[in-house]
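Structure first, commentary second.
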There are 2 protein chains.
Amino acid sequence: MTQPDDISPLALNRISVYLRCLRHLQAEGVSRIASQEMARRFHLSASQIRKDLAYFGEFGIRGVGYDVAHLRERLERLLGIQRLHPAIIVGAGNIGTALALFPGFHSGNFRIVAIFDNDPTKVGTELAGVTIRHSHELAPGIEETGAEIAILAVPAEVAQENYQALVEAGIKSVLNFAPVQLELAPEVRVKTVDLLIFMEELAYFLQ
Amino acid sequence: MTQPDDISPLALNRISVYLRCLRHLQAEGVSRIASQEMARRFHLSASQIRKDLAYFGEFGIRGVGYDVAHLRERLERLLGIQRLHPAIIVGAGNIGTALALFPGFHSGNFRIVAIFDNDPTKVGTELAGVTIRHSHELAPGIEETGAEIAILAVPAEVAQENYQALVEAGIKSVLNFAPVQLELAPEVRVKTVDLLIFMEELAYFLQ
DNA sequence: GATTGTGAATAGATTCACAGCT
DNA sequence: AGCTGTGAATCTATTCACAATC
């Protein structure tokens with residue numbers, strides 16, 4: 001499938017939100033919806049919904065609205081989540097463990113196919129139905145499983161070296177939970193989730 | 001302290017990033033730094049650093065750069081993290097537990113002062129040095145501890161009702177981990193961290 | 001000479017408003 | 001009649017380039 005590569009992450013994230021809304025609507029048995037009604041129900045902007053959707057094609061019917069099931073399918077294809085994405089977790093500490101057990105990763109379009117840690121007492125134990133392997137085995141583990149996405153959940157001090165190892169092992173994208181400014185490789189897309197920055201944002205508005 | 005209330009969240013998050021960089025520099029013994037050098041070291045934009053900082057005041061010395069220790073202190077005051085912020089966790093499941101044990105919440109300017117869950121088998125047990133209380137006790141718990149920030153780590157299905165309870169109990173801001181569009185109360189600031197949306201963003205660029 | 005702080009210029013995102021379909 | 005798709009208008013953010021300052 002061809003797609004624009006220069007869409008803004010903001011618009012892309014909104015597409016994910018729309019998709020979630022459509023799933024809700026579908027579960028409720030709604031089969032058609034207008035942008036305005038969707039905006040009202042989920043606290044979004046109607047013109048932005050139309051603009052975002054139109055960016056990828058003409059999905060609606062003028063005078064009528066959008067077909068919920070059809071639009072949902074189109075958006076899933078668009079995001080590339082019509083198929084299952086194998087993912088790995090690097091670091092089986094608190095955050096890694098929590099993510100391994102996160103229900104969203106068991107019901108959706110992502111599957112945790114391997115977990116790595118460098119603590120020998122953890123290696124060999126089971127977590128979320130997967131046996132933890134040693135971080136040395138990152139490269140063969142990624143190759144065997146065809147993993148595309150790595151969730152990096154290691155301490156900040158070792159995040160850069162683990163990221164490097166993932167890049168060399170041929171991973172395609174990384175979701176990073178370590179609170180560091182990673183030195184990025186151009187061929188690997190990284191999304192950093194920095195809890196302290198979120199907390200500091202909230203702290204600012206407390207004043 | 002007075003401050004502009006209309007700063008963009010993007011700029012605010014960058015201030016957090018600068019602060020982290022300054023801490024690194026200070027730990028390395030660097031006492032002065034120019035925007036250009038800081039940009040080079042941490043992969044940022046020099047003109048953006050200057051613009052962001054200048055928005056809050058004149059922190060630098062022309063021809064010289066910025067005093068690391070001084071700027072750090074100013075930014076901490078600016079973000080309101082010169083003092084400790086008491087925070088609570090609602091939901092002691094996988095994510096709630098991981099966050100309770102997250103090192104960032106033990107070394108920084110945030111302190112987890114209470115944890116709530118509605119599972120009677122969890123109530124009364126210890127987690128990260130705090131005894132888990134029943135969710136019924138949210139309001140008195142918030143009052144006693146003076147908690148300002150709540151970390152909402154409950155299943156998606158019950159996120160809205162727990163949010164409502166937090167609003168009624170007088171919390172000031174919420175960091176929400178449930179993958180839902182919360183119906184927001186105007187007086188409570190909310191930041192949602194949605195892992196599935198991040199994963200979907202990465203999936204898009206795999207294609 | 002070097003570097004900040006800042007107005008002007010550019011780029012990007014959102015909202016408006018309406019022509020074009022059904 | 002009603003709602004989408006979209007160009008134009010507005011608003012926001014980033015980058016540039018240089019005068020002001022040390």
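Note that these values count all heavy atoms, side chains included, but never hydrogens, waters or copies made by symmetry. The sequence lines fix the lettering, A, B, ..., with proteins before strands; numbering per chain opens at 1.
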Using whole Å, report how far [atom1] of [X] lies from [atom2] of [N].
X: A/Arg50; N: C/dA13; atom1: CZ; atom2: P; value: 19 Å
X: B/Arg74; N: C/dG5; atom1: CZ; atom2: P; value: 11 Å
X: B/Arg62; N: C/dG5; atom1: CZ; atom2: P; value: 6 Å
X: B/Gln48; N: C/dT10; atom1: CD; atom2: C1'; value: 14 Å
X: A/Met38; N: D/dT4; atom1: CE; atom2: P; value: 10 Å
X: A/Leu44; N: C/dA13; atom1: CG; atom2: C1'; value: 16 Å
X: A/Leu53; N: D/dG5; atom1: CG; atom2: P; value: 7 Å
X: A/Leu12; N: C/dA13; atom1: CG; atom2: C1'; value: 15 Å

Exercise. Among A/Val174, A/Asn118, A/Val167, A/Leu152, whose side-chain contact (heavy atoms from CB on, under 4.5 Å) with A/Asn162 holds?
Worked result: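 In the set A/Val174, A/Asn118, A/Val167, A/Leu152, the residue that makes a side-chain contact (heavy atoms from CB on, under 4.5 Å) with A/Asn162 is A/Leu152.
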To the side chain of [X], which of [options] is closest?
X: B/Leu10; options: D/dT14, D/dC22, C/dA13; answer: D/dT14
X: A/Ala54; options: D/dT6, C/dT4, D/dT15; answer: D/dT6
X: B/Lys51; options: C/dA13, D/dT15, D/dC22; answer: D/dT15
X: A/Ser8; options: C/dA13, C/dC18, D/dC16; answer: C/dA13

Exercise. Is it the case that B/Arg74 places NZ or CZ above or below the six-membered ring of B/Phe59, under 6.0 angstrom from the centre and within 45 degrees of the axis?
Worked result: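 That pair does not qualify as a cation-pi contact.
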Problem set entry | Row check, A/Phe116 ring normal vs A/Arg133 NZ/CZ: under 6.0 Å, within 45° |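 The answer is no; the distance or angle limit is not met.
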Problem set entry | Inter-axis angle, terminal five-pair segments of the helix from C/dG1-D/dC22 to C/dT22-D/dA1 [nearest 10°] |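 Taking the rotation axis at each end, their angle is 0°.
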Exercise. Got a sec? Which of residues 22-37 of chain B come in under 4.0 Å of DNA chain D, heavy atoms?
Worked result: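 Nucleic-acid contacts, sorted: none.
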For this session: Could you check whether the rings of B/Phe105 and B/Phe110 sit parallel, tilted or perpendicular, using 30° and 60° as the cut-offs?
Result: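 Plane angle over 60°, so perpendicular.
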For this session: Please state whether the phosphate of D/dT14, meaning OP1 or OP2, lies under 4.0 angstrom from any side-chain nitrogen or oxygen of B/Arg14.
Result: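 Yes, such a contact exists.
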Exercise. Counting just side-chain N and O atoms, does A/Tyr66 come under 4.0 Å of either OP1 or OP2 of D/dG5?
Worked result: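 A/Tyr66 to D/dG5 OP1/OP2: side-chain N or O found under 4.0 Å.
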Strictly below 4.0 Å, N to O, side chains only: are [X] and [Y] in salt-bridge contact?
X: B/Arg41; Y: B/Glu37; answer: no
X: A/Arg14; Y: A/Asp52; answer: yes
X: B/Asp194; Y: A/Arg20; answer: yes
X: B/Glu28; Y: B/Arg23; answer: no
X: A/Arg83; Y: A/Glu148; answer: yes

Problem set entry | side-chain hydrogen bond (donor to acceptor under 3.5 Å, both in side chains) between B/Tyr163 and B/Asn176, intermediate numbers included | CA-CA 9 Å; B/Tyr163 171 71; B/Asn176 169 44; over 6 Å; no
Exercise. DNA chain C: A/Ser45 or A/Gly63, which has the more 5' nearest nucleotide?
Worked result: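 It is A/Ser45 whose nearest nucleotide is closer to the 5' end.
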